[in-house]
Amino acid sequence: MSTHVSHVRHWKPYAVGAAVVVALLASTACQPSADDGTGEGGSSSPPKASSPAKPSGKPSAASPGETPSDAPSDAPSDAPSDKPSDPPGSKPAAKPSHTSAVAACTADDLAVSAVKEPADSKENRHLLLTVQNAGDDTCALYHHPLVKLGADARTTVPVIKDSDPDPGKPVTIAPGKEAYAALLVSGGARDEYEARSITLTLQGRTPGSRAGKPIDVPMPANPLYADDGQLVTYWTTASGFALDFIMSK
């Protein structure tokens with residue numbers, strides 16, 4: 001009996017000491033460690049990992065003073081052009097004419113004649129009308145001469161349209177120089193008649209207009225036998241060019 005009680009007394013102190021050690025260890029485990037980086041009184045939960053930034057798809061705005069490197073090089077410039085623009089609906093400026101300052105020829109400026117071609121021909125069907133500038137200034141002849149064969153002629157002689165050497169432009173003749181028009185008196189057609197006069201009227205700038213009074217042309221033969229096949233060419237400074245249009249007729 002005494003031995004058992006002695007063993008019990010010796011066990012109690014050991015049991016109490018063990019309990020105290022366990023309690024101390026438990027309280028120590030509950031306190032935060034100095035190595036966890038949270039500091040005094042901080043939470044012991046680990047920090048959350050930050051999520052990676054997502055690209056926005058839009059270029060970031062340049063800060064003041066910076067020039068974006070990817071700006072298009074062909075962007076339109078606001079700088080004014082050195083060349084003034086024409087107002088809407090405006091027409092291009094007319095080019096200066098080389099003959100606009102040349103006055104039209106008048107009857108007083110010209111000496112007029114008519115000869116048959118060729119000179120030794122027995123017929124008087126092909127005539128060359130010649131005008132010479134007897135004035136002091138260069139003058140311009142427009143279109144073709146308005147010719148009438150005979151005093152009773154109702155209309156002027158029709159023109160050969162293909163004979164215009166420079167369509168739309170007048171023929172200019174300097175003082176002392178000549179211009180020519182070829183005249184076919186008869187073309188072998190019907191209604192032949194006697195013509196005892198030739199008159200020539202100059203045209204103005206407008207086709208068909210008359211510049212001055214009719215000019216009497218000296219007759220190369222009298223009478224001339226004309227018919228309704230008569231023709232005349234445009235004015236030219238090359239007599240051979242004009243005659244080519246009538247000599248084969």
Side-chain angles (χ1 to χ4, degrees), residues 96-121 123-153 155-186 194-226 230-247:
S97 172
H98 295 293
T99 59
S100 59
V102 179
C105 297
T106 66
D108 296 335
D109 298 326
L110 304 176
V112 183
S113 63
V115 295
K116 65 179 181 179
E117 291 290 339
D120 58 354
S121 175
E123 297 180 327
N124 298 298
R125 296 178 58 240
H126 306 96
L127 303 183
L128 181 65
L129 304 177
T130 303
V131 292
Q132 184 183 47
N133 186 353
D136 297 327
D137 300 311
T138 298
C139 65
L141 294 170
Y142 289 91
H143 316 299
H144 58 87
L146 300 175
V147 178
K148 281 188 176 183
L149 288 171
D152 297 330
T155 61
T156 58
V157 178
V159 68
I160 302 174
K161 294 182 179 179
D162 294 339
S163 64
D164 192 349
D166 197 356
K169 294 183 179 180
V171 172
T172 57
I173 48 176
K177 300 299 182 180
E178 297 177 340
Y180 311 93
L183 174 62
L184 180 65
V185 177
S186 61
E194 289 185 359
R196 297 184 178 275
S197 66
I198 302 174
T199 58
L200 178 158
T201 304
L202 302 175
Q203 292 193 64
R205 299 192 181 198
T206 303
S209 64
R210 287 168 166 77
K213 296 180 179 180
I215 303 170
D216 290 326
V217 180
M219 296 285 288
N222 200 349
L224 296 174
Y225 294 93
Q230 55 196 252
L231 293 169
V232 72
T233 68
Y234 281 83
W235 291 115
T236 177
T237 55
S239 59
F241 177 81
L243 289 171
D244 284 345
F245 288 93
I246 67 168
M247 296 306 294

May I have the step-by-step check of side chain to side chain contact (heavy atoms under 4.5 Å, CB included) for V131 and E178, ending in yes or no?
-> CA-CA 6 Å; V131 292; E178 297 177 340; over 6 Å; no
L200/L146 under side chain to side chain contact (heavy atoms under 4.5 Å, CB included): CA gap, chis, key distance, verdict | CA-CA 6 Å; L200 178 158; L146 300 175; over 6 Å; no
Return the minimal non-hydrogen interatomic distance between G150 and A195, and the atom names on each side.
-> N-CB, 3.8 Å
For S121, which residues count as a side-chain contact (heavy atoms from CB on, under 4.5 Å) partner, sequence neighbours excluded?
-> P118, E123
What is the minimum heavy-atom distance between G204 and A211, and which atoms define it?
-> N-CB, 4.0 Å
Is there a donor-acceptor contact under 3.5 Å linking the side chains of T201 and R210?
-> no
All ring pair (Phe, Tyr, Trp, His ring centres under 6.0 Å) counterparts of F241, not counting sequence neighbours | F245
What is the distance from atom OH of Y142 to atom CZ of R205, rounded to the nearest 0.5 Å?
-> 3.5 Å
Exam field: side chain T199 to backbone P214, donor-acceptor pair closer than 3.5 Å | no
First locate atom CG of D164, then atom NZ of K169, and finally report the distance between them rounded to the nearest 0.5 Å.
-> 11.0 Å
Does any pair with a residue in residues 230-239 pass side-chain hydrogen bond (donor to acceptor under 3.5 Å, both in side chains), and if so which ones, sequence neighbours excluded?
-> Y193-Q230
Value for OG (S113) from CG (L128), rounded to nearest 0.5 Å, stands at 7.5 Å
Is any side-chain heavy atom of H144 closer than 4.5 Å to a side-chain heavy atom of V159?
-> yes
N133 vs C139 side-chain heavy atoms within contact, under 4.5 Å = yes
Does some side-chain heavy atom of L224 sit less than 4.5 Å from a side-chain heavy atom of E194?
-> no
Exactly one of V157, T156, L231 clears side chain to side chain contact (heavy atoms under 4.5 Å, CB included) with V147, and that residue is V157
Test item: V232 and P145 side chains (from C-beta on) under 4.5 Å apart, heavy atoms | yes
Neighbour count >12 (heavy atoms, 6.0 Å) for atom CG, N222 | yes
Heavy atoms, side chains only, cut-off 4.5 Å: are M247 and H126 in contact?
-> yes
L127 vs V115 side-chain heavy atoms within contact, under 4.5 Å | no
Could you tell me which non-hydrogen atom of P220 sits nearest to which non-hydrogen atom of A114, and how far apart they are?
-> CB-O, 3.7 Å
Check whether any side-chain N or O of R125 sits under 3.5 Å from a backbone N or O of S186 as a donor-acceptor pair, and report yes or no.
-> yes
Less than 4.5 Å apart, any side-chain heavy atom of I246 and any of L183?
-> no
With side chains defined as the heavy atoms from C-beta onward, is the minimum distance between M219 and I198 less than 4.5 Å?
-> yes
What distance separates Y225 OH from L149 CG, expressed to the nearest 0.5 Å?
-> 14.0 Å
Could you tell me the separation between the OG1 atom of T138 and the CD1 atom of I173, rounded to the nearest 0.5 Å?
-> 8.5 Å
Output the distance between atom CG (L141) and atom CG (L110), rounded to the nearest 0.5 Å.
-> 6.0 Å
